[in-house]
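The model shown is predicted, which means the values in this text are computed figures rather than measured ones.
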Amino acid sequence: MNTTAFEQYESEVRSYCRKFPEVFVSSKGAYIEGESGRKYLDFFCGAGALNYGHNHPYVKQQAIEYLMRDGIVHALDMYTAAKREFIETFEEKILRPRNLDYKIQFPGPTGTNAVEAALKLARKVKGRSNVMGLMGCFHGMTLGTLALTTERDARAGAGVPLNNIVHVPAPYMFGGIDTIAYVDEILSDDHSGVDLPAAFILETVQAEGGIQVFSVEFLQKLRALCDKYDMLLIVDDIQVGCGRTGHFFSFERAGIVPDIVTLSKSIGGLGLPMALTLLRPELDIWSPGEHNGTFRGNNVAFVAAKAAIDVMTNDKLDANVRANEAVLRDGLEAIASCDERLSVRGIGYIWGIDCGKIPVDGFARRVICKCFENGLICELAGRKDCVVKLMPPLIADKQTLEEGMAILEKSLKECLAEIA
C-alpha cells in the first residue's frame, strides 16, 4: 500500500485514514474496494453523506447525463434549470406532502455553512445574541458552529473565545434530568444570569454525542417551550435527516414543525457538496447578498439531489428503514448480550453499542479497528469515543444488515477475548 504522498505532503489533521488504513479506489452500493483488492462493507456511509449508497446507478446516471450535455456546473445563486427542477421536486415530494411551508436558502455547500446561516438569521430576526443548545451536541467546526459544539478537543482548536452560547444538560445526563423544567426555570428566573436566547438548536438524535435519541415527548415539550419564550426552534438534520431515522426529516416522528431546519450531507445525492437552510417564510428577512457563498450554486449536486429524492420516494427507502429497524435493534442487542457491560441505542439506520463500562482505555477504538480488519467500516462516537457507531446505507436489506452485524459480533468477541 503506497501512502507516501499522503504521509509526506498531506496535513497531520487527517483522521479517518488513520482508522481505515487502505487506499480506496472504487465503490458500489454498500461496499467500497481498496487498492489491495479487498472489499469492505461500509456502515460509515461518509458520516451520513451517502445514505443512498455509493454510486447509486440512477443518481449517478442523471449527473453524468447532465455533465455530458454541458449542463452548467457553477452559477453562484443565479437562476438555472437544474436549481429550478430541484426546488420544484423538493416542494412537490418532500415539503408539500408533509404540510411544511419553508423558504429554501442555499448557503455554502457544507453542513456548518447551513448552521451558520441559521444562527445568523435567528439572531437577526429576534435581535438577541444568545443561542441555547444541548451538552453532547455537534453542529460544526467553523467558529459560530464550534461555539455550539461541545467536544472539548474540538473547541480547544478554535484559539479564540467561543461566546454567545448557553449549553444545558441533555435529558440523558445526571441520571435523567428534566431538561425542559431546567430551561424553564432559568429563563423565568430573573437572577439566573442567562439572557433570553434567540433560538434553541438541537439534533433530534445526537450522533457524535453517542447515538442519543430524544423522545417524542421531549421534542414536543421543547417546541412548546420555544413558543412560550419566543425562541426559534432550529433542528440540525444534517446527519440524521434524509431518511436516516425512518422519515425524511428526523422530527416527523414527533409531529412538530421547527422554525428553521438545516440539511447537508446526503441531500447532495451522491455525496456531492450541498446544503440547505429551510426557514418559515415570515423569517425570510435577509437583504439580497446579506449571506452568501461562492459555491452555493453546485448545479451537479442539484441534479443528483433531485434524482435522490426520486429514489427515496419511488423506492420507499424510508419505509425500508422502518421495516428493518428491528433487524438492527434485535441483532445488536443479541450481540451486546455477550457482556452485561455493553448497551445498545439507536433508531432507524443509526445505532451504537456503548462500550463505556469496559474498563479498558480505547476499547471501542479496538473494536472498530478489528471490524476493519474483518471487512467492516464503522465509526466511533460519544464521550471518550466509547460508542461503536453504525450507519448502514438506507438501501441495505436484511441480508446486508446481518452480514455487517456478523462481522461486528466476531470483532467484538475477539476484542473481549483479548482483555479477558
Side-chain angles (χ1 to χ4, degrees), residues 19 41 43-44 134-138 150-152 169-179 203-218 239-240 244-246 321-392 396 398-420:
K19 298 174 185 173
L41 182 55
F43 276 21
F44 176 43
L134 293 171
M135 297 176 187
C137 68
F138 181 93
T150 55
E151 184 191 351
R152 184 174 295 159
Y172 57 83
M173 298 174 67
F174 305 110
I177 189 172
D178 187 339
T179 301
E203 311 146 279
T204 67
V205 181
Q206 285 187 345
E208 303 310 311
I211 324 300
Q212 303 288 351
V213 182
F214 297 129
S215 70
V216 165
E217 180 185 16
F218 172 77
Q239 186 159 171
V240 297
R244 176 62 54 185
T245 64
V321 171
R322 294 194 299 273
N324 285 320
E325 179 183 71
V327 174
L328 278 169
R329 181 190 64 237
D330 296 347
L332 292 174
E333 287 180 350
I335 292 171
S337 68
C338 71
D339 193 304
E340 63 182 9
R341 296 169 294 183
L342 301 172
S343 58
V344 174
R345 294 188 296 272
I347 186 173
Y349 271 23
I350 177 167
W351 287 82
I353 294 185
D354 193 331
C355 306
K357 292 183 180 179
I358 303 288
V360 175
D361 288 343
F363 180 78
R365 180 175 288 270
R366 290 192 189 189
V367 174
I368 71 159
C369 290
K370 186 69 72 173
C371 283
F372 185 73
E373 290 176 16
N374 292 328
L376 175 69
I377 298 175
C378 52
E379 194 16 355
L380 297 172
R383 272 78 170 174
K384 299 182 180 179
D385 280 344
C386 69
V387 177
V388 176
K389 174 185 175 187
L390 303 165
M391 295 179 67
K398 182 174 183 286
Q399 181 179 347
T400 305
L401 298 177
E402 289 176 342
E403 178 187 350
M405 286 189 290
I407 298 173
L408 173 63
E409 181 175 23
K410 177 178 185 292
S411 303
L412 180 61
K413 287 181 176 178
E414 287 175 357
C415 290
L416 287 170
E418 289 173 0
I419 65 170

key: pair Met405-Val327: side-chain heavy atoms closer than 4.5 Å   = yes
request  = Might you point out which heavy atoms bring Cys355 and Val388 nearest each other, and give the distance in Å?
outcome  = SG-CG2, 4.1 Å
ask   = Do Leu342 and Leu412 touch side chain to side chain, with heavy atoms closer than 4.5 Å?
value = yes
note = Nearest heavy-atom approach of Asp354 to Cys386 is OD1-SG, 3.5 Å
inquiry  = Apply side-chain contact (heavy atoms from CB on, under 4.5 Å) to residues Leu416 and Ile358 and explain how you reach the verdict.
reply    = CA-CA 9 Å; Leu416 287 170; Ile358 303 288; 4.1 Å; yes
query = If you look at every heavy atom in Phe44 and Cys378, which pair is closest and at what distance?
reply = CB-CA, 4.5 Å
key: Rounded distance [0.5 Å steps], CG in Leu390 versus CD1 in Ile368   = 10.5 Å
message = Could you go through Cys371 and Val367, starting from their C-alpha distance and side-chain angles, then the distance that decides it, and tell me whether this counts as side-chain contact (heavy atoms from CB on, under 4.5 Å)?
response = CA-CA 6 Å; Cys371 283; Val367 174; 4.2 Å; yes
query = Less than 4.5 Å apart, any side-chain heavy atom of Cys338 and any of Glu409?
reply = no
salt_bridge(Lys357, Glu340) N-O dist < 4.0 Å = no
ask   = Would one find more than 12 heavy atoms of other residues, nucleotides or ligands at under 6.0 Å from atom NZ of Lys413?
value = no
note = Rounding to 0.5 Å, atoms CD (Glu402) and CD1 (Ile407) come to a distance of 12.5 Å
task = Measure the CZ-CH2 distance between Phe43 and Trp351 for me, rounded to the nearest 0.5 Å.
result = 13.5 Å
query = Quick check: does any side chain N or O of Glu203 sit under 3.5 Å from a backbone N or O of Phe138, one acting as donor and the other as acceptor?
reply = yes
task = Check whether any side-chain N or O of Arg244 sits under 3.5 Å from a backbone N or O of Tyr349 as a donor-acceptor pair, and report yes or no.
result = yes
query = Does CD in Glu418 sit with more than 12 non-hydrogen atoms of other residues, nucleotides or ligands closer than 6.0 Å?
reply = yes
message = Please find the pair of heavy atoms, one from Ile419 and one from Val360, that lie closest to each other, and give the distance.
response = CD1-CG2, 3.8 Å
inquiry  = Set out, in order, the CA-CA distance, both residues' side-chain angles and the distance that settles side-chain contact (heavy atoms from CB on, under 4.5 Å) for Leu332 and Leu408, then state yes or no.
reply    = CA-CA 9 Å; Leu332 292 174; Leu408 173 63; 3.6 Å; yes
key: Ala396 to Leu401 - nearest heavy-atom pair and separation   = CB-CD2, 3.9 Å
ask   = If you round to the nearest 0.5 Å, how far is CD1 of Ile350 from CD1 of Ile211?
value = 4.0 Å
remark   = In short, Arg383 meets Gly209 closest at the heavy-atom pair NH1-O, 3.6 Å
query = Out of curiosity, Lys384 NZ to Arg365 CZ, how far, rounded to the nearest 0.5 Å?
reply = 15.0 Å
key: Main-chain N/O of Gly352 paired to Arg345 side chain as donor or acceptor, under 3.5 Å   = no
query = So, Gln206 side chain and Met135 main chain: donor-acceptor pair closer than 3.5 Å or not?
reply = yes
inquiry  = Rounded to the nearest 0.5 Å, what separates atom CG in Asn374 from atom CD in Glu414?
reply    = 5.0 Å
key: Worked verdict on Arg329 versus Val344 for side-chain contact (heavy atoms from CB on, under 4.5 Å)   = CA-CA 8 Å; Arg329 181 190 64 237; Val344 174; 5.7 Å; no
